[in-house]
Protein chains: 4
Amino acid sequence: MRISKDPQVRKREILAAAGKLFEKYGIDKTSMSDVAKEADITKGLVYYYFKSKEELIEEAVKNFVFESELALKNIIQADTMNFYSKLSEMLRLYFLTISKNLSINALAKTNPGVYELVKRSLCRSALDLAGVLIDEGVMNGNISISHPRHVLSILIGGIADLYSQGVQDPKIFAEIIEQTLHLPKGSIKI
Amino acid sequence: MRISKDPQVRKREILAAAGKLFEKYGIDKTSMSDVAKEADITKGLVYYYFKSKEELIEEAVKNFVFESELALKNIIQADTMNFYSKLSEMLRLYFLTISKNLSINALAKTNPGVYELVKRSLCRSALDLAGVLIDEGVMNGNISISHPRHVLSILIGGIADLYSQGVQDPKIFAEIIEQTLHLPKGSIKI
Amino acid sequence: MRISKDPQVRKREILAAAGKLFEKYGIDKTSMSDVAKEADITKGLVYYYFKSKEELIEEAVKNFVFESELALKNIIQADTMNFYSKLSEMLRLYFLTISKNLSINALAKTNPGVYELVKRSLCRSALDLAGVLIDEGVMNGNISISHPRHVLSILIGGIADLYSQGVQDPKIFAEIIEQTLHLPKGSIKI
Amino acid sequence: MRISKDPQVRKREILAAAGKLFEKYGIDKTSMSDVAKEADITKGLVYYYFKSKEELIEEAVKNFVFESELALKNIIQADTMNFYSKLSEMLRLYFLTISKNLSINALAKTNPGVYELVKRSLCRSALDLAGVLIDEGVMNGNISISHPRHVLSILIGGIADLYSQGVQDPKIFAEIIEQTLHLPKGSIKI
DNA sequence: TATGAATGAGCCTTCATTCAT
DNA sequence: CATGAATGAAGGCTCATTCAT
């Protein structure tokens, strides 16, 4: 039967369906048919909203990153916390993001061109946001290491990898981060 | 025209062609036809040497990892250097491997099942080898941080990422490593 | 150019095309491309209606057997005829079936797995139906030979073979059948 | 290693290998590679002895039929037996042939064009040979039915089918044959 | 908006056949 | 005689994309 919906809603539904399948099976192994089935519509309609698979991918990824970014932003910009709390909070959120959807990685690792989109995009946003924190720390004297942004970058990527390899104890990460950023012991509480 | 070659040579050529395309475009987007074309032979011949695409992939990956491992082993097991030199040497080699073939990552990141094979295999081997060094360092008192292996793991993955993002100055890496492992300044020379 | 048709019609057309080629060239030597060409559509569309060649074969065979069965049933179950008329009628129909589509045999003999499906299915149905007649004849005293069902089976198969070898005079068959079943001369009229 | 053999021997070996595989898997599903492997030689050599697969098939089938014929001939032409003994003997042999190598049927049923070759060839030879017997019987007054050759043909084909469907009791066949050829009870002894 | 039949290109794989050695 | 590397033409199947309704 023929169900008409608000275009915006439909589009979001398709994006959601695509995102779900992309994460689960990878982009290459997800066909437009699959997406249509998952969204409970016909292939034709998918093409009505997205010119091509490529466009669908692009938007799905944007969607993805956007959601993550949003969450990060909200928390990190809170002005009520001190440096260490913010860092802690941010890390907690980061782990949440990683664990809740190991899918970020799934999506990323699974797909060629997309990898850059997601990883870079996520890292850029993480760096942008966390970077401000870092700068703040540097200015406050809370952070004294050199190349703080690069170190942050290494941490962000490396931690995600470690995590996906099974190391998931927050305490360990806290210690490692303190150590790596040369922060006082116990300053990070995840 | 018909050019016969020593099977060993042919096989290597095919493996090389496959490796090249896999790195460049990803495995899924490289067809057996592409491989044949790149190797300047017919599809049929590819199948003469490899029962299936899967087998070709497997061997190409093995090939890949093997070469990297070999190089790492050779250098790291040299008994003539002290801790810092070995670490330096190893890092130099690591960068060489990464830079020469960003392909490791390319290959790895691009492909689902393959990702594990390569990354795990490479990381395991890097950790195995470097791990010994680290342990040595711990025993010697050269290394005093906690979770040294995890930190190493983070560094290995994170550095590769940073590198592939365009940061390629060895000095920076040296500094970061010294800092992260809490080694004396200037101890690492890449 | 693009011609849309009622799916049911299309499906039947494909089945018909497949049936035709299967009979003519054998299943193995008929490719999905051939079927598509014969049906004047693209391969893709064949796969739109049938998941695989196997499924197409299965349905084509079912189609085939079904039609034959249907006709046999209708006539043999008529209650208005006596034993000999029924037998005559049935034989007439049998020859019709054979001659109209020598294909039954063609299809059957040509294909390994399929052979059983068709031949067994057709013979079973023929035996089931004719068997009732035979039993009736035995009870009426119209048939007095031993192993009547086996004899029937031999006749059914053997007649088809003879027929396909060029012997097609109904009178000859009538005589042979009378003789073989030990019926009065002239009782069978094809 | 390179083993040279008498060409005639080699050819026979290849024919034997082909025959074996053709019976076991069917002609279409037997590749020239398979034949070469079975004969423990290379594909090239198969083509040295047989211009094409078709030629190999042809000769393999001839080979096949020839062997069967030979056996039939030998027995049936013995002058020491009376009509009924010869018929009995011939039937015994026929069953032997069928049972020993249901392969005849296998080969036959499985392959399109080949079916005719084998079946016709075998039937022709059976008819030729048995036909003489039948004629003898007719002349002697031992056989009084009409269309004796056609009946024979039906029996030959029908019996093989019945046999392959599981009915394999010689007594039943003897009875059926006596009955069908209108011979005295007990005259056939298989 | 929405449907779903239809297309066409491309993919992995198999195999009969050839040919330089 | 014999080898086995090399070719080329299909074959079964999938899927992104289009289009008439």
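Excluded from the calculations below are hydrogen atoms, water molecules and symmetry mates; all remaining heavy atoms, backbone and side chain alike, are included. Lettering follows sequence order; numbering is per chain, from 1.
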Q) So, is the end of the C:Lys20 side chain (NZ or CZ) under 6.0 Å from the ring centre of C:Tyr25 and within 45° of the ring's axis? A)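 Pair C:Lys20/C:Tyr25 does not count as cation-pi.
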Can you tell me which nucleotide in [options] comes closest to the side chain of [X]?
X: A:Ser52; options: F:dT17, E:dT13, E:dT3; value: F:dT17
X: A:Met32; options: F:dA6, F:dA2, F:dA16; value: F:dA16
X: B:Lys53; options: F:dA16, E:dA16, E:dC12; value: E:dC12
X: D:Arg10; options: F:dA2, F:dT17, E:dA2; value: F:dA2

Q.
Taking F:dT21 as the reference, what is the distance to E:dT1 when you measure between their C1' atoms (whole Å, please)?
A.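 Rounded to whole Å, the distance is 13 Å.
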[X] has an atom [atom1]; how far is it from atom [atom2] of [N], in whole Å?
X: B:Asp40; N: F:dT7; atom1: CG; atom2: P; value: 8 Å
X: A:Leu56; N: F:dC15; atom1: CG; atom2: P; value: 15 Å
X: A:Tyr47; N: F:dC15; atom1: OH; atom2: P; value: 12 Å
X: B:Lys37; N: F:dT7; atom1: NZ; atom2: P; value: 14 Å
X: C:Tyr49; N: F:dT14; atom1: OH; atom2: P; value: 17 Å
X: B:Asp28; N: E:dG10; atom1: CG; atom2: C1'; value: 14 Å
X: C:Leu45; N: E:dA9; atom1: CG; atom2: P; value: 16 Å
X: A:Lys29; N: E:dC11; atom1: NZ; atom2: C1'; value: 14 Å

Pick base, sugar-phosphate or nothing for [X], based on heavy-atom distances below 4.0 Å to the nucleic acid.
X: B:Ser4; value: sugar-phosphate
X: C:Phe50; value: nothing
X: B:Ser31; value: sugar-phosphate

**Q.** Nucleotide paired to E:dA16 in any strand shown, Watson-Crick or G-U, under 3.5 Å
**A.**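 Result: F:dT7.
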Q: Using Watson-Crick or G-U wobble geometry with both distances below 3.5 Å, tell me the partner of E:dT21, or none.
A: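 Looking at the geometry, E:dT21 pairs with F:dA2.
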Q.
Under the criterion side chain to side chain contact (heavy atoms under 4.5 Å, CB included), I'd like the reasoning laid out for B:Leu56 against B:Leu15: C-alpha separation, chi angles, the key distance, then a yes or no.
A. CA-CA 7 Å; B:Leu56 175 59; B:Leu15 245 15; 3.8 Å; yes
(Q) For D:Asp34, is there an ion pair with D:Lys29 - N to carboxylate O distance below 4.0 angstrom? (A)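 No salt bridge links D:Lys29 with D:Asp34.
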Q: Answer yes or no: is there an ion pair linking A:Arg10 with A:Glu13, defined by an N-O contact shorter than 4.0 Å?
A: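 Result for this pair is yes, salt bridge flagged.
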Q: Report yes if some heavy atom in the side chain of D:Met32 is under 4.5 Å from a heavy atom in the side chain of D:Tyr47; otherwise report no.
A: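 In contact.
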Q) So which one's nearest nucleotide on DNA chain E is more toward 5', D:Thr30 or C:Ile3? A)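 Result of the comparison: C:Ile3.
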Q: Select from D:Asp34 and C:Ile41 the residue whose nearest nucleotide in DNA chain E is closer to the 5' end of that strand.
A: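 Going by which nucleotide is closer to the 5' end, it is C:Ile41.
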Q. Does C:Arg2 get its side chain close enough to the base of E:dA6, under 3.5 Å, for a donor-acceptor pair?
A.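 Checked by distance alone, the answer is yes.
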Q. Per the atom types in the model, does the base of F:dT17 pair as donor or acceptor with the side chain of A:Lys43 at under 3.5 Å?
A.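 In this structure, the two groups form a donor-acceptor pair.
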Q. Taking all atoms of both residues into account, what is the closest heavy-atom pair of C:Lys53 and C:Thr30, and its distance?
A.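 Minimum heavy-atom contact is NZ-O, 2.8 Å.
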